[in-house]
Amino acid sequence: MAFEELTQRHAAVWSSAPFENVAELITDMHAALVDRLAPREGEEWLDLGCGAGHVAFNAVRAGAVVTASDLSPTLVETARSTAEEQGLELTLEVADCQDLHYDDASFDVVSSSVGVIFAPDHARVASELVRVCRPGGRVGLTAWRRDSGIGQMFATWMPFLPTPPPGAGSPFQWGDEVYCRSMLGDAFELSFEELDSRHEGSDPVEMWELYRVNYGPSYTLWNSLDEERRAELDEAMKAYFEGFRDGDRIDVERKYIIVTGIRKG
């Protein structure tokens with residue numbers, strides 16, 4: 001499979017830090033996605049790139065029979081522990097959204113909240129979303145806008161990151177309606193909605209620290225740098241957050257789209 005080495009690195013990156021602490025910042029996004037997909041009692045639901053499990057848990061509470069998977073074994077274990085603590089019954093397992101082991105047309109709903117967008121092989125992701133969703137079934141994704149807060153944060157990191165391999169997709173491509181139609185429009189009747197999941201605070205150092213310690217990509221990046229480059233990244237991220245300051249508060253706009261679709265055929 002193309003990008004196999006990069007995919008293995010992604011698994012290590014997402015396993016490197018306690019993502020569940022950052023996931024708390026986007027529970028509104030998770031709830032919105034499940035709401036738009038309107039779970040029905042007993043239907044079979046697949047959540048891909050499940051992270052800490054929030055989308056999957058919401059679907060279980062609404063009555064769906066849920067399978068949730070992630071590339072990161074650590075995140076799967078984190079989600080499993082939380083499910084047990086909350087008394088939620090679902091299947092949690094490690095899987096690569098570019099190469100799923102599930103049968104064709106095996107799910108009524110396939111979801112992913114800023115999850116599958118990070119896989120490098122977009123064509124394979126789209127193919128698998130189509131393959132495992134039953135005719136008449138529903139797909140739902142969330143994806144960050146490139147020109148909003150999260151896109152700007154990744155752009156701030158770019159001078160510190162290694163060059164990705166040729167052909168690897170950007171997660172922010174999925175935040176564009178035209179691109180989503182090109183990838184999924186032949187198989188799904190698609191709809192789009194733009195929302196904003198704000199990140200508020202007052203101290204730019206503390207806001208950066210939350211990402212630096214808990215978010216796999218930034219944790220891995222910072223720890224890969226020497227002391228001088230770490231200091232440069234810290235200053236760049238302080239300036240990034242200060243760019244959203246309004247008086248005593250920092251209010252980061254983080255626009256994203258919800259992509260929903262009905263499987264044709």
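The residues of the chain are indexed from 1 along the displayed sequence.
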With rounding to the nearest 0.5 angstrom, report the [atom1] to [atom2] distance, [X] to [Y].
X      : Y      : atom1 : atom2 : answer
Glu24  : His30  : CD    : NE2   : 8.0 Å
Phe241 : Leu210 : CZ    : CG    : 8.0 Å
Leu184 : Leu141 : CG    : CG    : 6.5 Å
Arg229 : Ser224 : CZ    : OG    : 9.5 Å
Leu46  : Ser69  : CG    : OG    : 5.5 Å
Ser218 : Leu233 : OG    : CG    : 8.5 Å

Is [X] salt-bridged to [Y], going by a charged N under 4.0 Å from an acidic O?
X      : Y      : value
Lys238 : Glu235 : no
Arg145 : Glu177 : yes
Asp251 : Arg198 : yes
Arg230 : Glu228 : no
Arg134 : Glu44  : yes
Glu5   : Arg9   : yes

Quick check against the 3.5 Å criterion: does [X] have a side-chain atom that pairs as donor or acceptor with the backbone of [Y]?
X      : Y      : answer
Ser148 : Lys255 : yes
Asp121 : Arg124 : yes
Asp196 : Glu253 : no
Asn223 : Tyr219 : yes
Thr260 : Gly140 : no
Gln152 : Asp147 : yes
Arg263 : Arg138 : no
Glu84  : Ser81  : no
Glu128 : Leu100 : yes

Take Leu195 and Ile258 through the side-chain contact (heavy atoms from CB on, under 4.5 Å) test and state the conclusion after the steps. CA-CA 8 Å; Leu195 295 173; Ile258 297 181; 3.6 Å; yes
Tell me the closest heavy-atom pair linking [X] and [Y], and the distance in Å.
X      : Y      : value
Val65  : Gly42  : CG2-O, 3.8 Å
Asp47  : Ser111 : OD1-OG, 2.7 Å
Asp103 : Arg131 : C-NH1, 3.6 Å
Ala68  : Leu90  : CB-CD1, 4.2 Å

Applying a strict under-4.5 Å side-chain criterion to I, L, V, M, F, W and Y, I'd like to know whether [X] and [Y] cluster together.
X      : Y      : result
Leu25  : Tyr215 : yes
Val94  : Phe19  : yes
Met183 : Ile262 : no
Val13  : Leu221 : no

Start with the C-alpha distance between Ser197 and Arg254, add both sets of side-chain angles, then the distance that settles side-chain hydrogen bond (donor to acceptor under 3.5 Å, both in side chains), and finish with yes or no. CA-CA 5 Å; Ser197 177; Arg254 302 187 306 172; 3.2 Å; yes
Please determine whether side-chain contact (heavy atoms from CB on, under 4.5 Å) holds for the pair Asp96 and His101, giving the CA-CA distance in whole Å, both sets of side-chain angles, and the decisive distance to 0.1 Å. CA-CA 9 Å; Asp96 178 1; His101 61 274; over 6 Å; no
Other residues, nucleotides, ligands: >12 heavy atoms within 6.0 Å of Asp104 CG: yes
Over 12 foreign heavy atoms within 6.0 Å of CG, Asp226: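 Above 12, so yes.
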Does Trp157 have its ring centroid less than 6.0 Å away from the ring centroid of Phe154?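 Distance test on ring centres: under 6.0 Å, yes.
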Less than 4.5 Å apart, any side-chain heavy atom of Thr7 and any of Pro120?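 Yes - at least one pair of side-chain heavy atoms lies under 4.5 Å apart.
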So Phe188 and Lys264, side-chain contact (heavy atoms from CB on, under 4.5 Å) or not? Walk me through it. CA-CA 5 Å; Phe188 294 95; Lys264 299 176 183 179; 5.7 Å; no
Taking atom types as modelled, find out whether Thr67 and Trp45 have a side-chain donor-acceptor pair closer than 3.5 angstrom.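 The criterion, which ignores hydrogens and geometry beyond distance, is not satisfied for Trp45 and Thr67.
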Ring-plane angle category for Phe57 and His54, please: parallel below 30°, perpendicular beyond 60°, tilted otherwise.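 Ring orientation, 0 to 90° scale: tilted.
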With a cut-off of 3.5 Å and sequence neighbours excluded, list every side-chain donor-acceptor pair involving residues 70-78.
residue	atom	partner	partner atom	Å
Asp70	OD1	Ser72	N	2.8
Asp70	OD2	Cys50	N	3.2
Asp70	OD2	Gly51	N	2.8
Ser72	OG	Ser15	OG	2.6
Ser72	OG	Thr74	N	3.3
Ser72	OG	Leu75	N	3.0
Glu77	OE2	Arg80	NH1	2.3
Thr78	OG1	Thr74	O	3.0

Yes or no on side-chain contact (heavy atoms from CB on, under 4.5 Å) for Trp222 and Trp208, after CA distance, side-chain angles and deciding distance? CA-CA 11 Å; Trp222 192 87; Trp208 166 227; 4.2 Å; yes
Where at least one partner belongs to residues 105-126, residue pairs that pass ring-ring contact (aromatic ring centres under 6.0 Å, His included), sequence neighbours excluded: Trp14-Phe118, Tyr102-Phe107, His122-Trp174, His122-Tyr179
